[in-house]
Amino acid sequence: MKQIIQTAQAPKAIGPYSQAIRTSGFVFASGQIPIDPETGQFVAGGIAEQTQQVIKNLSRVLEAAGSGLDKVVKTTVFLADMEEFAAMNEVYGKFFSAEPPARATVEAARLPRDARVEIEAIALA
C-alpha cells in the first residue's frame, strides 16, 4: 500500500507528481527546488541560499510523512553547474553532519524553473 504525502509547508508539486510517497517502511521524496512555500517564489541569493531552502523544503515533506532528515538513507543532488559543488556541499553538510546518507551528485543540463540545485531523497518512514 502507498500513501500520498502532501503538505502546504513545502512548495506544491508543479506537475503530475506527489511531494512524496510513503510505502513499505520508506518515504520517497520528490526533488525539491528552492521555492519559498509562503511566496511561491525562489529565495534570493546564490547556490548556498538555494541549497538551504531546498533542504528546508525536503525536511518539511519528510516531516509530513512522519520521517525527517535524520532518517534519510539516500539523496540525489542535481546541480546546474558542478562548479558550485563546494558551496552546495558546505550547506548540505550542516544538515547531514551526523551519519550522512549515501549520495549521488550530478550536473543537469537544466533544472525546473532554472533552479541552481534540486535534491530528492529516500528516507526511513
Side-chain angles (χ1 to χ4, degrees):
M1 186 170 100
K2 70 179 184 179
Q3 177 186 5
I4 305 296
I5 305 301
Q6 291 290 123
T7 178
Q9 300 302 310
K12 291 182 181 179
I14 56 175
Y17 62 90
S18 300
Q19 288 174 324
I21 301 289
R22 182 180 173 151
T23 187
S24 302
F26 289 97
V27 177
F28 297 86
S30 294
Q32 291 292 314
I33 58 176
I35 294 174
D36 179 334
E38 292 181 15
T39 66
Q41 301 298 314
F42 272 21
V43 294
I47 189 69
E49 293 81 8
Q50 286 199 13
T51 301
Q52 183 168 330
Q53 185 65 49
V54 166
I55 296 175
K56 283 182 181 178
N57 292 344
L58 186 60
S59 177
R60 292 173 181 147
V61 170
L62 292 171
E63 288 170 6
S67 187
L69 292 177
D70 61 325
K71 295 182 180 179
V72 173
V73 295
K74 170 75 167 70
T75 63
T76 304
V77 178
F78 302 93
L79 290 174
D81 184 350
M82 197 58 84
E83 293 293 322
E84 296 178 321
F85 177 86
M88 174 282 299
N89 199 49
E90 183 176 340
V91 174
Y92 180 99
K94 291 176 183 175
F95 288 93
F96 295 108
S97 59
E99 299 181 9
R103 178 178 81 185
T105 304
V106 297
E107 181 176 271
R110 191 166 182 203
L111 296 172
R113 295 181 61 181
D114 293 322
R116 304 302 305 156
V117 60
E118 178 177 2
I119 301 174
E120 66 178 14
I122 301 169
L124 300 173

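This one's a predicted model, so the numbers in the text were calculated from it and none came from an experiment.
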How far does [atom1] of [X] sit from [atom2] of [Y], to the nearest 0.5 angstrom?
{"X": "F28", "Y": "T23", "atom1": "CZ", "atom2": "OG1", "result": "7.0 Å"}
{"X": "S30", "Y": "I5", "atom1": "OG", "atom2": "CD1", "result": "11.0 Å"}
{"X": "M88", "Y": "Q52", "atom1": "CE", "atom2": "CD", "result": "14.0 Å"}
{"X": "L58", "Y": "E63", "atom1": "CG", "atom2": "CD", "result": "10.0 Å"}
{"X": "T7", "Y": "K12", "atom1": "OG1", "atom2": "NZ", "result": "11.5 Å"}
{"X": "F95", "Y": "K56", "atom1": "CZ", "atom2": "NZ", "result": "6.5 Å"}

When you group the ILVMFWY residues by side-chain heavy-atom contacts below 4.5 Å and let the links chain together, are [Y] and [X] in the same group?
{"X": "Y92", "Y": "L79", "answer": "yes"}
{"X": "V91", "Y": "V43", "answer": "no"}
{"X": "M82", "Y": "V54", "answer": "yes"}
{"X": "V77", "Y": "I122", "answer": "no"}

Which atom names give the shortest non-hydrogen contact between [X] and [Y], and what distance separates them?
{"X": "V27", "Y": "R22", "value": "CG2-CG, 4.2 Å"}
{"X": "R60", "Y": "P37", "value": "NH1-CG, 3.5 Å"}
{"X": "Q32", "Y": "P11", "value": "OE1-CD, 3.6 Å"}
{"X": "Q19", "Y": "Q6", "value": "OE1-CA, 3.0 Å"}
{"X": "F42", "Y": "P112", "value": "CZ-O, 4.1 Å"}
{"X": "D36", "Y": "Q53", "value": "CA-NE2, 4.1 Å"}

**Message:** Looking at K74, I'd like to know if its NZ atom is crowded, meaning that more than 12 non-hydrogen atoms belonging to other residues, nucleotides or ligands lie closer than 6.0 Å.
**Reply:** yes
Just wondering, do [Y] and [X] contact through their side chains at under 4.5 Å, heavy atoms?
{"X": "K94", "Y": "I55", "result": "no"}
{"X": "F85", "Y": "I47", "result": "no"}
{"X": "T76", "Y": "I119", "result": "no"}
{"X": "R103", "Y": "F96", "result": "no"}
{"X": "E49", "Y": "P34", "result": "no"}

**Item:** Partner of F78 by side chain to side chain contact (heavy atoms under 4.5 Å, CB included), out of I33, T105, L111
**Value:**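 Testing each of I33, T105, L111 against F78, the sole residue satisfying side chain to side chain contact (heavy atoms under 4.5 Å, CB included) is L111.
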**Item:** Audit row: V117, E84, side-chain contact (heavy atoms from CB on, under 4.5 Å) steps and yes/no
**Value:** CA-CA 9 Å; V117 60; E84 296 178 321; over 6 Å; no
**Prompt:** Can any side-chain N or O of S67 pair as donor or acceptor with the backbone N or O of L62 at less than 3.5 Å?
**Reply:** no
